Structure formats: C-alpha cells, structure tokens
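Scroll down for the structure; my scribbles are underneath it.
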Amino acid sequence: MTSKIAFSIHHPEMEFDSKPDNQLNGVSHNMDKHTARPEKVLRRLALNREAARKCRLRKKAHVQELENSKKRLIQLERELDEAQQQGFASLEVYQMIAYPVSNVAKFEMEYGRWLEEQNKRTSDLRNALFLEIGDEGLGVLVKNSMNHYFDLFSMKASAAKTDALYIMLGMWRTSVERFFFWIGGFRPSLILKVLSPYLEPLLEEQRFDIFCLRQSCYQAEDALSKGMEKLHQMITESISSAREISAAMENMEGLVRVLSQADHLRQETLQQVSRILTTRQTAKWLLVLGDYIQSIQCLSLLWSTTHVNGYGNA
C-alpha cells in the first residue's frame, strides 16, 4: 500500500521577505483549501484501515490456531500410540478430536441425519394413513413432522452465520436438487401449486384459503427476490472500487437476513396450511411433501448415475 509523504525543507540562508504577510497568508489558505479532504473520504479511509486491522488480527489468530492444532495433534498421536498398545483405540473418535469439524461440515452431517429421520417420518405417516388411525395419534405424527422441518430451518440459520452463501446456494446438495432451490430451499408458492391437487377433495372454503395463501407467498417471494437483486447490485457497485471493500462486506451480511426471511416464509407456509386443513388432510399434505423430496433425490441419483456411465453424452 502506497502513501503520500510530505517533505518539509528548510534552509537557514533562505529568506522570503519579498512577499507581504497578507499575501503569505493567502497562499497558506489556498494550500489548506486544496489539501483538505472531504469528511466522507476520511471516514471511508478510516473504515478501510479498521477493516485491514481486523483482517490482520484474524490472520494472526488463524496462525495461532494452526500452531495450537499442530501441538494438539502431536499430543493426540502420542496418546493414540499408547491407546493402541492397550487395545481400545477408536479411530473414529480420534479423527473427531484431532480434526474438529467446521460449522458447515457439522451442518452437512446433521442434515444427513435429518434426511434419514425425514424418510422415516414420511414412512410413518404413510402407514398411519393406510391403517386409518385416529386423529389423536395422527396429530402426534403431524406435530413431530412439522417440528422436524422447523429443526432444519434452525440448523440452516446456525450454519448461515458461518457461510450464508454456502447454505443459500444449496452447495450442500446435489446439482439436481439445487435446480429446484430458491434462496436456500423450496419455493413455497410452487409447493402449494404442485402439491395442492393431491389434497382433493377439499371444501370450497379450504380451496379458496389455499389460493389466497399461494398469492401471499407469490408477493413475499417477489419482494425477497427483488431484495436479493438490490443486494447483489449494491455489492457489485461496492467492489468496483477497492476503497469500498468494507461496505461490500457489510452488504454481504445482508445475505444472512434474506436467508432467514426466506426460511421464515417457508415455516409460516407450513403452519398456515396446517391451520387451513384438518389433521388428516395435514398428514396427507406432509406425506405428499415428503414424497416430493424423495422424488427429487431419486431424480438426482438417476441423473448422476446416467452421466457417470457416460449416457448423458449420447
């Protein structure tokens, strides 16, 4: 980084008595006027200096963390050797201790377990509807299934604090699943449009309420999409000048809020549907939604298998 350095030269034999005092004052005033920096520029430079300072501190902390990890690894290797001699070493536990996972990697593992549990809950709903169990027992399954989706939203919110783009762009899912993504998950209005026909027969009032809910989702999605476009524009304009990097970072933090609002819309949609439908209809709705998720997974597996075998280029 370059900086301007002002040199002040003084020679004892130099005299400047040829100019009147008032004329010298005028020159000084003009120099002050031309060298004065606008307050906005000074504030921006101060922000950039602060951002650079924080960056240096983060780098220093990262280096220190690496050094500590190295020491911890050496110690763990020593303890592993001792444990192996005693015959009760666990490689999996050792790897978890020696290589602590990041929040993103932790989310991926949690999502894998969430998906297994989701498939199990979908199967339970299918069996319950087939056996025509009472509304009380069905209500318990519905409540647990709804809470399971809410747990996913909480998991995403926690991981987004580490890397919002990773969650928002669906980098934790396959390319086929990302094709159906909208701001880190399913688009509520599309789910209502595609899955509602499977709920028939519905009462006219229910059908109207579902329609109104879908229209509300359209409006909320449009507002969030425009907000994303505006945020993208602001970030693009900020990074066009190296002096605005700190402003770009502040705008990037807005991604977390957008993702949170999108998941809130998804959660509100699920809750509103459960209010419009009866317990048995809600169970059927959750079953259809679970089957929809499984169908996308099957399509993803078929797509990847076909292309791995080379048929996709035929």
Side-chain angles (χ1 to χ4, degrees), residues 107-156 167 170 172-182 184-214 217 262-306:
F107 168 77
E108 289 189 353
M109 291 188 294
E110 290 178 343
Y111 180 75
R113 291 191 291 267
W114 183 91
L115 205 54
E116 292 179 1
E117 183 66 21
Q118 168 68 11
N119 293 335
K120 179 180 178 299
R121 293 182 184 279
T122 300
S123 179
D124 290 343
L125 285 170
R126 192 187 320 278
N127 293 334
L129 288 170
F130 178 77
L131 296 174
E132 297 184 346
I133 68 171
D135 284 354
E136 184 176 353
L138 202 57
V140 173
L141 293 177
V142 167
K143 181 179 179 181
N144 291 338
S145 185
M146 294 279 286
N147 289 334
H148 191 57
Y149 281 104
F150 301 160
D151 289 341
L152 175 60
F153 300 146
S154 297
M155 288 160 48
K156 290 166 63 180
I167 302 299
W172 39 286
R173 302 311 302 143
T174 65
S175 57
V176 172
E177 289 173 291
R178 291 198 297 270
F179 177 74
F180 295 92
F181 262 42
W182 170 78
F186 64 82
R187 184 185 289 270
S189 63
L190 180 61
I191 293 296
L192 289 171
K193 180 179 180 180
V194 173
L195 303 186
S196 292
Y198 293 94
L199 298 176
E200 295 290 350
L202 293 172
L203 298 176
E204 191 63 33
E205 182 181 357
Q206 289 177 318
R207 196 175 293 111
F208 177 75
D209 289 341
I210 292 289
F211 172 79
C212 292
L213 177 59
R214 182 151 55 97
C217 288
D263 274 345
H264 178 72
L265 177 61
R266 283 183 269 267
Q267 180 168 329
E268 281 293 312
T269 301
L270 291 174
Q271 290 176 327
Q272 288 296 331
V273 168
S274 68
R275 295 187 184 104
I276 295 172
L277 304 178
T278 65
T279 300
R280 191 162 298 274
Q281 288 173 327
T282 303
K284 187 177 180 181
W285 156 263
L286 291 171
L287 172 60
V288 174
L289 179 57
D291 285 342
Y292 175 79
I293 295 174
Q294 290 181 350
S295 297
I296 294 178
Q297 294 170 1
C298 291
L299 176 62
S300 176
L301 179 61
L302 181 61
W303 174 267
S304 60
T305 302
T306 301

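Since the model is a prediction, treat every value here as computed from it, not as a measurement.
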R126 side chain to L287 backbone, donor-acceptor under 3.5 Å: no

For E110, check salt bridge (charged side-chain N to carboxylate O under 4.0 Å, His left out) against everything at least two apart and list the hits. none

The side-chain hydrogen bond (donor to acceptor under 3.5 Å, both in side chains) partners of N144 (sequence neighbours excluded) come to none

Got a list of side-chain donor-acceptor pairs under 3.5 Å for residues 294-301, not counting sequence neighbours?
unit_1 : atom_1 : unit_2 : atom_2 : d
Q294   : NE2    : N119   : OD1    : 3.0
S295   : OG     : D291   : O      : 2.8
S300   : OG     : T174   : OG1    : 2.6

Which residues satisfy the side-chain hydrogen bond (donor to acceptor under 3.5 Å, both in side chains) test with E117, sequence neighbours excluded? R121

Nearest heavy atoms of L125 and S145, plus distance in Å: CD1-OG, 4.1 Å

Could you list the residues that satisfy salt bridge (charged side-chain N to carboxylate O under 4.0 Å, His left out) with R214, not counting sequence neighbours? none

Taking S196 for the side chain and L192 for the main chain, is one N or O donor matched with an acceptor at less than 3.5 Å? yes

Of all the heavy-atom pairs spanning P197 and V194, show the shortest one and how long it is. CD-O, 3.5 Å

Is the shortest heavy-atom distance from the side chain of F180 to the side chain of Y292 under 4.5 Å? yes

Could you list the residues that satisfy side chain to side chain contact (heavy atoms under 4.5 Å, CB included) with Q118, not counting sequence neighbours? W114, T122, H148, Y149, I293

Should we say atom CZ of F150 is surrounded by more than 12 heavy atoms from elsewhere, each under 6.0 Å from it? yes

Derivation of the side-chain contact (heavy atoms from CB on, under 4.5 Å) call for T269 and C217: CA-CA 8 Å; T269 301; C217 288; 3.5 Å; yes

Residue set satisfying ring pair (Phe, Tyr, Trp, His ring centres under 6.0 Å) with F181, at least two apart, ordered chain then number -> W172

Test item: T305 side-chain N/O and L302 main-chain N/O as donor-acceptor pair under 3.5 Å: no

Just to verify, what does K143 make a salt bridge (charged side-chain N to carboxylate O under 4.0 Å, His left out) with, not counting sequence neighbours? none

Residues M155 and Y111: closest non-hydrogen pair is CE-N, 3.7 Å

Interatomic distance, CG@L195 vs CG@L286, rounded to 0.5 Å, equals 10.5 Å

Mind jotting down which residue pairs meet the salt bridge (Lys or Arg N to Asp or Glu O under 4.0 Å) criterion with at least one end in residues 185-205? Sequence neighbours excluded, please. R187-E221, E200-R207, E204-R207

Distance col, row I210:CD1 vs I276:CD1, nearest 0.5 angstrom, shows 4.0 Å

Could you pull out all residues at least two apart from D263 that satisfy salt bridge (charged side-chain N to carboxylate O under 4.0 Å, His left out)? K156, R266

Could you give all pairs that pass the side-chain hydrogen bond (donor to acceptor under 3.5 Å, both in side chains) test and reach residues 281-290, with sequence neighbours left out? Q206-Q281, T278-Q281

Salt bridge (Lys or Arg N to Asp or Glu O under 4.0 Å): pairs with one or both residues in residues 127-140, sequence neighbours excluded: D135-R280

